[in-house]
Each structure stands twice: as structure tokens, then as C-alpha cells.
S.K.: 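Below is one structure. I have some questions about it.
Just so it is clear, the values below take in all heavy atoms, side chains as well, and ignore hydrogens, waters and symmetry mates. The sequence lines fix the lettering, A, B, ..., with proteins before strands; numbering per chain opens at 1.
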Amino acid sequence: MEMQKTYNPKDFEDRIYAGWENAGCFRAEIDRDKVPFTIMMPPPNITGQLHMGHAMDAAMQDTLIRFKRMQGYVALWMPGYDHASIATEVKIVEKLAQEGLTKQDLGRKGFLKRAWEWTEKYGGRITLQQRKLGASCDWSRQAFTMDEKCSRAVREAFVNLYRKGLIYRGDRIINWCPCCKTALSDAEVEYAEEAGHFWHIRYPFSDGKGEVIVATTRPETMLGDTAVAVNPADERYKALVGKTLRLPLTDREIPVVADDYVDMEFGTGCVKITPAHDPNDFEVGRRHDLEVIRVMNDDGSMNERAGRYAGQDRYEARKNIVADLEAQGYLVKVESHVHNVGHCYRCHSTVEPIVSKQWFVKMEPLAKPAIAAAMKNKVRFIPERFTKVYYNWMENVRDWCISRQLWWGHRIPVWYCGDCGATVCEKEDPSVCPVCGGTHLKQDEDVLDTWFSSALWPFSTLGFPEETEDYKYFYPTDVLVTGYDIIFFWVARMIFSGLEHTGKVPFRDVLIHGLVRDEQGRKMSKSLGNGVDPLEVVEKYGADSLRLSLLTGVGPGNDTRYSDTKVESCRNFINKLWNASRFVFMNAEGKKIPDIGDVHFSPADKWIISCLQNCIREVTTNLNKYELGVASDLATDFVWGDFCDWYIELSKPALYGEDEEKRAGTLSVLCFVLENALKLLHPFIPFVTEEIYHHMPGKSEKDCLMTSAFPRYNSKAAYKKEAKSFEGVMEIIKAVRAMKKAADCPPSRKVEVYLVTDSKRLVQLNKDSIMKLSGASAVKFAESGAAIGEKTVSQATEIAQIYIPLGELVDIEKEKARLSAEIERISGEIERAKGKLANRDFVAKAPKKLVDGEREKLEKYLGMKEKLEEQLAGL
RNA sequence: GGUCUCGUAGCUCAGUUGGUUAGAGCGCAUGCUUCACAUGCAUGAGGUCCAGGGUUCGAGCCCCUGCGAGACCACCA
């Protein structure tokens with residue numbers, strides 16, 4: 001098949017992907033003679049749409065896994081998706097609402113049926129989108145957090161923790177979402193500053209003698225107050241401790257207690273204590289053995305303990321309570337107050353801290369080894385600074401509330417015996433009570449936090465708790481790639497879970513990336529409507545262009561901006577690669593190409609091969625360091641700058657020349673370099689490189705670039721010296737071009753180039769190249785500028801003085817000015833170098849290599865200056 | 001309140017144990033239908049590396065202070 005003149009990704013991306021898949025290229029086959037390399041894909045939510053963040057995630061992981069696969073590892077990129085308990089349930093409830101239904105209308109069973117239908121409908125959607133991006137995951141191993149395998153792991157993990165006493169049930173203050181009607185973990189609450197009020201309320205003493213003033217931002221909770229606290233050191237209130245207050249709007253009496261928790265400086269120094277509705281108050285209540293009075297229902301309305309406010313919504317009750325306080329003379333004043341309010345990360349309603357009976361994971365014993373693992377470098381964050389974020393969280397983490405009052409998720413494997421009252425926690429569903437043998441067992445109604453199952457992902461997907469072949473071979477995994485936004489939700493929990501359940505850290509490296517922002521640097525969000533659909537970009541520019549644009553210029557941990565122009569320039573690069581390939585193939589058509597080992601290399605050949613070796617080395621080390629942006633820049637610069645702009649142009653005289661051996665050799669080098677370039681680029685832009693590879697001479701669709709070997713640095717082919725001297729030739733070419741341009745000489749006008757040089761042999765060998773690339777009709781040697789005897793412009797390079805006779809185009813004054821400016825610049829350099837070398841400390845303390853380099857430079861500049869002065873004098 | 005990041009060309013950003021004349025893409029200017037590519041080629045303009053101090057033979061890079069932008073965690077009712 002002919003290659004089109006313009007790169008058109010739509011012609012082949014789907015076909016190439018299908019080809020890989022049919023050939024089983026994605027499948028990671030266990031091979032004891034090889035080393036595994038494993039990446040667990042962060043499982044996207046089944047509710048999700050692919051967004052730019054996913055695309056970047058995929059681009060990075062796919063680049064790494066393709067690189068490792070080509071390096072000969074058994075590369076497993078494990079895909080899957082997450083049931084996303086609360087997120088999915090919220091969506092399904094919304095959908096039901098549109099049909100005029102509620103969860104309760106369907107019942108648990110009916111609801112779960114819906115959820116599974118939903119899973120089937122949307123679950124595969126993202127994976128299809130990932131295929132479009134070229135993701136080379138092992139789809140045969142695809143997992144789902146609710147599938148049988150993962151569910152078994154969840155059960156195992158829960159029971160193990162329970163039996164070790166690391167999971168407990170108890171009444172604690174938790175974050176309650178009145179909209180989702182479930183408890184949330186601390187991580188699931190997002191805080192945002194809100195303008196509110198600070199109500200100062202008068203609490204009179206029972207004996208009628210005086211009062212205290214308390215301040216609150218949530219007056220409705222006063223109905224649950226069971227004390228007022230003051231600081232024991234507070235002289236103002238010392239005498240009041242132990243006295244009793246009459247709680248306004250109620251008939252209850254509450255004590256004044258002394259507790260260190262109270263800040264004397266803040267507010268009035270008197271704090272109302274509501275143990276059922278505030279985490280700090282809860283602790284105070286425990287210390288003073290206070291009653292816990294919960295005044296709110298699960299839906300955020302006031303309950304029967306709220307007296308005449310029962311049934312009112314929390315905000316309605318707030319309004320009424322404030323009005324009543326005011327009417328009855330209890331309200332002292334109202335201040336404006338900005339405070340941080342917690343919101344549900346799924347539905348964004350204001351969460352209520354509420355006392356509630358929930359299941360918790362005891363964190364301290366789990367956090368300790370997780371911290372130690374990072375300390376001992378068993379797990380490494382890239383970039384390193386995120387380690388601190390991780391420590392900070394681990395060191396301060398509170399017990400993890402894992403029960404959710406939801407239906408979609410892993411049901412808590414605990415049963416309560418109706419006969420003897422025992423609590424039963426089993427790996428297999430019990431049919432009778434193991435304590436009394438009774439049959440009235442009732443399973444806990446709640447499901448687990450969705451992150452409980454995600455935390456097991458690196459091993460649940462590989463078969464844990466079974467010692468499967470996959471588990472033994474691929475676990476622990478190598479690198480986890482994810483955004484900094486889920487370090488707490490997920491990464492930290494995987495680490496302590498892995499250590500606890502498998503005894504191993506689940507991955508060695510954690511590569512953290514940033515967010516993809518919009519062109520103006522704003523977060524992409526639904527509400528702003530500034531999101532860009534990756535699939536639309538793929539449709540327009542191709543997956544390779546999108547992938548490359550998401551990687552170039554991006555360092556680990558940093559945010560990046562998406563922009564069409566960036567994608568366009570990547571597309572332009574790929575088009576360049578495409579056409580360079582076409583050029584090579586057109587010239588190779590029907591020709592016999594000698595083996596690269598049999599070619600007698602020209603200076604240009606050695607130069608490009610040297611550049612290639614450098615590129616191979618640099619790309620490899622940077623990929624190993626997870627510097628994907630640097631690596632892709634190096635590879636693209638090599639292809640565009642060195643290969644296309646220089647080598648292909650240099651190859652033309654040879655390709656169109658008479659010398660058959662030279663022509664064949666050049667062709668061989670072109671193919672050799674191109675093939676290596678395709679391999680270097682393949683991890684970044686897999687589709688187009690694979691497609692081009694099939695068109696290489698001697699290759700066909702059957703040959704697979706994806707599974708070929710990644711190039712290896714060959715020091716014998718580095719040709720350092722030769723490359724350096726060839727750069728002298730390139731400098732002459734650049735100088736001639738610039739001289740012509742400066743003299744307004746039309747490019748079409750061929751000029752004669754005279755060189756005064758000691759490198760005659762080098763120039764002679766590359767005469768054709770110089771002529772071709774600089775637009776010269778001849779390259780001649782001269783003994784001096786004066787010997788040319790015509791009006792010339794001149795220029796000095798490191799290896800030659802260049803003279804171009806330009807007759808009427810030569811403007812002597814302009815030329816003088818130019819030379820003077822050049823001399824001035826060089827003189828500056830000479831001064832700089834001289835200054836450095838005159839510094840005895842520099843000569844004594846700096847590395848010898850550097851000092852020698854400086855001496856060489858000085859010499860070079862002195863030589864150039866001399867030449868320039870000579871030229872100037874000749875005018 | 002704590003922790004962290006960023007500040008480099010008009011714009012977006014690289015700059016990897018401190019060491020050539022600080023780079024790239026886009027944009028800009030000039031010229032070019034050079035037989036792979038105008039999604040291109042060539043040439044060029046454009047930088048007190050936020051400010052100030054310190055360490056060092058040497059600082060865009062390390063340390064301190066300040067200014068500006070942002071992120072995360074915690075939170076006083």
C-alpha cells in the first residue's frame with residue numbers, strides 16, 4: 001500500500017490496534033526466564049467518561065509499559081474498572097428520580113439488579129476509549145472491583161483485619177451526608193470556605209443568678225447541648241465550674257465543665273458542648289461523661305429530641321431557633337463569620353458531623369509499617385516531595401470509617417445472631433450461628449467504602465488470597481502511575497493494605513503526575529464547561545498526537561495545560577516523520593540495500609549514527625527515570641532536527657549521485673537510522689510508528705514493531721571524534737546560509753565559496769554536501785582572503801575562514817559593521833575565558849576537564865578573532 | 001495555622017548531584033513553489049533566569065529574607 005502524501009491517522013489507527021490485539025501482543029505470558037514488569041492501571045469508575053486526566057494517565061502508563069516490553073520484560077499492564085459505590089449509587093438514584101422512583105421503591109434486590117445492568121451498560125465504555133488511545137493493556141486479565149475474584153479478596157481482607165482486632169464497630173462522630181444518607185470517611189469530605197454567621201447566645205444559670213454567653217455557627221445543634229465548657233485556667237469563669245445552666249428553648253439543665261480544649265482567647269471563652277454533633281465536643285463529652293443527644297435525623301431534618309422543631313429541615317430549624325432566641329431575649333448578637341464547611345465529595349451537600357454506629361479500621365497499627373516502608377525506601381515517590389505529603393497523612397490519620405449506608409458495594413461480612421446476640425464475621429456466608437447454632441442470622445445492612453476494595457487492587461486482581469501463578473510472578477508490581485489528587489484515597493491505602501495482607505509493599509515506585517488544565521490554566525470541570533473530550537481530539541488529530549502532546553514538556557508531579565496548538569505541533573512532527581519515511585522508502589524502492597555492517601561510512605553517516613547513539617542512551621536513561629517529557633523531547637528533536645533537517649538533506653547528493661556504492665550505503669544508513677528512530681518513538685506514538693514500520697523495505701504487516709527490541713546504546717558506534725569534526729562542516733554550511741541572507745542574496749543565486757582552512761581533507765570529503773545545503777555552485781580553497789581578488793563577504797568559523805564573492809551585493813560599510821560587531825562579541829568571550837583562567841582558585845579548584853575546556857575555548861576564540869581582524873583589515 | 005510547589009523569551013514551559021555562549025514549541029520578522037513534507041525549509045529578532053542578601057573558584061540551580069501566584073492538610077466553638 002502506498003503511503004499518502006499527508007499523515008492521516010484515521011487510515012490506520014483502528015486497524016493497527018486490531019492487528020496488535022489479534023496477534024496477542026498485549027497478553028503478558030508468564031516466562032520464568034524473563035523478568036516481569038507490572039503496572040496496575042488505576043481503575044476508572046464505571047460511571048465515568050474518559051477525560052483528559054485519563055488520557056494522560058493512559059499515555060504515561062502505555063509509554064512506560066511499551067518501553068519495558070520492548071526491553072524484553074514480561075510487561076503486564078493490568079486494566080480494570082471500579083464499581084465506585086457511592087458515585088454510581090448517586091447516579092442511579094438520580095436516574096430513578098427521573099422515573100419518579102426511589103431506591104426504596106425498588107428494594108435492595110431490585111436496586112442491585114439495576115446497578116449490575118448499569119455496570120454492563122457503561123462498564124466497558126472507558127475501556128473502549130482506552131483502546132482508541134492505544135492502551136496496550138492485557139485485556140484478557142481485565143478485572144472489576146465487584147467481580148468474584150476481587151470480592152473474595154475483600155472478604156479475606158475484612159475477616160483478617162476483624163480477627164486481628166483491627167476492624168471494630170462503635171459509636172463515633174462521623175461525617176454524614178444527609179443527601180446520600182451515608183457515612184463518609186474523612187478523605188471523602190471536601191472543605192470550602194463559606195460566609196456564615198456567628199450567633200452569640202445567652203445561657204442563664206438555673207439559679208437565676210447571671211448567665212454565660214456562648215457563640216456558635218450552628219445554632220440548631222444547641223438542642224443537643226449537654227454542657228458548656230470553659231478553660232480550667234480561665235480566671236473569669238473559674239467560679240462557675242460545676243454550676244448548672246438552663247438551656248434556652250428546652251427544659252433541660254446542663255452543667256458548666258472545665259476542659260483544656262477551650263481556647264480562652266477565642267470568642268467568649270465559653271463553648272457549648274454538643275457531643276452528638278461535633279468531633280471535639282464528642283471528646284469533651286467522653287472526658288466528662290456527658291450525655292450524647294442526637295437531634296438530627298439521617299436526612300438532615302430535626303428529630304423528636306428537637307422538641308417543637310422536630311421534622312424541620314436543619315436550615316429551617318436554624319432560622320426558627322434564631323428567631324425564637326431573639327424573641328425570648330437570648331440572642332445577644334450576630335456576627336458575620338467565614339468558616340470552613342465540609343461537603344460530600346460526590347453530591348456536594350453540606351455534611352453533618354453526627355454520632356453514629358459505624359465500622360472502623362484502626363489505623364495506627366497499619367500506618368506505622370506503611371511509614372517505615374517509605375522510610376526504608378521500599379516504596380519511592382516520584383517526585384520525591386510527595387513522600388512528605390504521604391508521611392504527613394499517615395502520621396495524623398484517624399481511624400477509617402469503612403461502613404456506608406448504601407446498597408451498591410461489598411456488603412459487610414458480618415452477621416448478627418437473633419438467638420444469642422453473637423456477632424459473626426466469616427469468609428463464607430454462615431447459615432447457622434457458630435456460637436449457638438441458631439438460624440436467625442441477619443447480615444449487616446451496610447456496604448464497604450469503595451476505597452476498601454480499591455486498596456486491594458494490586459493483589460486482588462492477581463488472585464489474592466490464592467497463591468496463583470499470576471500473583472507469584474507479577475506481585476509486587478513495579479510502578480503505580482497516578483495523580484496527586486488520590487494519594488490519600490488510594491495510594492496510601494494500597495500501601496498499608498499491601499503490607500498488611502501480603503507482607504509486601506504493592507509497588508516499588510509511585511509516579512505522581514499533575515492535572516491536565518485548560519488553556520488558561522483552569523481546572524477542567526463540568527460546571528465550567530471547559531473540558532475537552534479526548535476522543536474528539538483523537539478524531540481530529542489522531543491518538544498519537546494527543547498522547548505526545550500530553551507528555552512533552554511535562555515533568556513528574558507538575559500540572560500541564562491542554563491546548564489545540566500543542567496537539568497540532570505534535571501532529572506536525574508526526575507528519576514530518578511520516579514524510580521522512582516516505583522519502584526513504586521512495587528512494588529504496590526496488591533497490592538492494594546492503595547490510596549496515598557492510599557499509600563504508602561517510603563523515604555524515606558517522607555523524608548521524610553518533611547522534612542516534614546519543615539519543616538512544618539519553619532516551620533510555622530518561623525513561624528509566626520517569627522523565628517522559630524529557631525523553632520524548634530528545635527523541636523528537638533527534639528525528640526532526642538531526643535526521644530530517646540535516647541527514648536527509650545530506651543524503652541527497654549521495655542518493656542522486658553517480659557513485660553506486662555511496663548511494664547504496666547512504667540508503668542503508670537511512671533505513672538503519674529510521675528503523676531505530678521508529679523504535680525510540682514507538683512508546684510515545686505507537687500507531688504511526690507501527691504503521692510506518694510495515695512499509696520499511698523488507699518488512700510487511702507481519703512484522704511487529706511493538707514487540708521488537710528497543711535500541712541499545714552501542715559505544716563502538718558513538719563516533720565521538722568524527723561527529724565533532726563533522727560539526728565543523730555543518731558550521732560552514734550554516735555560516736554560508738547566514739552570509740547570503742545577510743547580504744540579501746536570493747537563495748536561488750548560487751555562489752562560489754572560498755575557504756581558507758587547515759581541514760582541507762574534511763571539506764573535500766563533504767564538498768557535495770556543502771554545495772547542496774548552502775546553495776553554492778563551487779567550494780574552492782584559497783590561501784588568503786586577499787588572494788580571491790573580488791568583493792567578498794567573509795565569516796570565520798572554528799575550522800575555516802569563509803569568503804563569498806558577491807560583487808554588487810557587497811556593501812562594504814555593512815560588512816565592516818558586521819565584522820566589527822562579531823569581533824566585539826568574540827572579544828567578550830575572550831575576556832570571559834581569560835578572566836576565568838586568571839582566577840587562580842578556578843584553575844586550582846575546578847575540575848581539570850573544565851579548565852582545559854576553558855583553555856581550548858580561549859584558543860579557539862583568539863584564532864577566530866585573528867581571522868576576523870584579518871578580514872576586516874582586508875576590506 | 002502547617003506543609004509544599006511555582007515565578008526563566010510576547011505566550012506555554014524544559015533546564016536531571018552547581019560548571020561551555022541559558023534551551024524548545026507556539027507566536028513574531030525576513031526570504032523561499034530546493035524533485036519527502038507549506039502540517040514545510042532557511043535566516044533572524046527577542047532573556048537584569050521575581051527582588052535582595054549569603055555560601056562557592058563558579059549560582060537559573062544550594063541557603064536565608066521579602067514580594068507575587070497556586071496546591072494540599074488541619075482548623076476555634
S.K.: Could you tell me which nucleotide pairs with B:A24 by Watson-Crick or G-U wobble geometry, both distances under 3.5 Å, or answer none if nothing does?
M.R.: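 Pairing partner: B:U12.
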S.K.: Quick check: any donor-acceptor pair below 3.5 Å linking the side-chain of A:K772 to the base of B:U34?
M.R.: no
S.K.: For B:G2 and B:G46, measure between their P atoms and round to the nearest Å.
M.R.: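 The answer is 45 Å between these two P atoms.
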S.K.: Assign A:N622 to base, sugar-phosphate, or nothing according to its heavy-atom contacts below 4.0 angstrom with the strands shown.
M.R.: base
S.K.: Just compare B:G44, B:U39, B:C76 and give me whichever is closest to any side-chain atom of A:A738.
M.R.: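 Closest nucleotide to the A:A738 side chain: B:G44.
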S.K.: Got a second to check how far A:F282's CZ is from A:I354's CD1, nearest 0.5 Å?
M.R.: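 Going from the CZ atom of A:F282 to the CD1 atom of A:I354 covers 13.0 Å.
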S.K.: On the side chain of A:K625, is there an atom forming a donor-acceptor pair with the base of B:U16 - under 3.5 Å, no angle test?
M.R.: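 Answer is yes: a donor-acceptor pair is held.
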S.K.: With sequence neighbours left out, write down each residue that passes side-chain hydrogen bond (donor to acceptor under 3.5 Å, both in side chains) with A:S651, or none if nothing qualifies.
M.R.: none
S.K.: Heavy atoms from C-beta onward define the side chain here; which of B:U16, B:U39, B:A36 lies closest to that of A:N572?
M.R.: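 My answer, after comparing the listed nucleotides, is B:U39.
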S.K.: Under 3.5 Å, is there an N or O donor on one side and an acceptor on the other linking the side chain of A:E649 and the base of B:A36?
M.R.: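 Donor-acceptor pair under 3.5 Å: yes.
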S.K.: Measuring only the C1' atom in each nucleotide, how far is B:G15 from B:G52? A whole number of Å is fine.
M.R.: 24 Å
S.K.: Closer than 4.0 Å, any side-chain N/O of A:Y656 to the OP1 or OP2 of B:A36?
M.R.: yes
S.K.: Does the base of B:U12 carry an N or O that pairs as donor and acceptor with the side chain of A:R561 under 3.5 Å?
M.R.: no
S.K.: Among B:A36, B:C37, B:A77, find the nucleotide with the atom closest to the side chain of A:M586.
M.R.: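 Nucleotide nearest to A:M586's side chain: B:A36.
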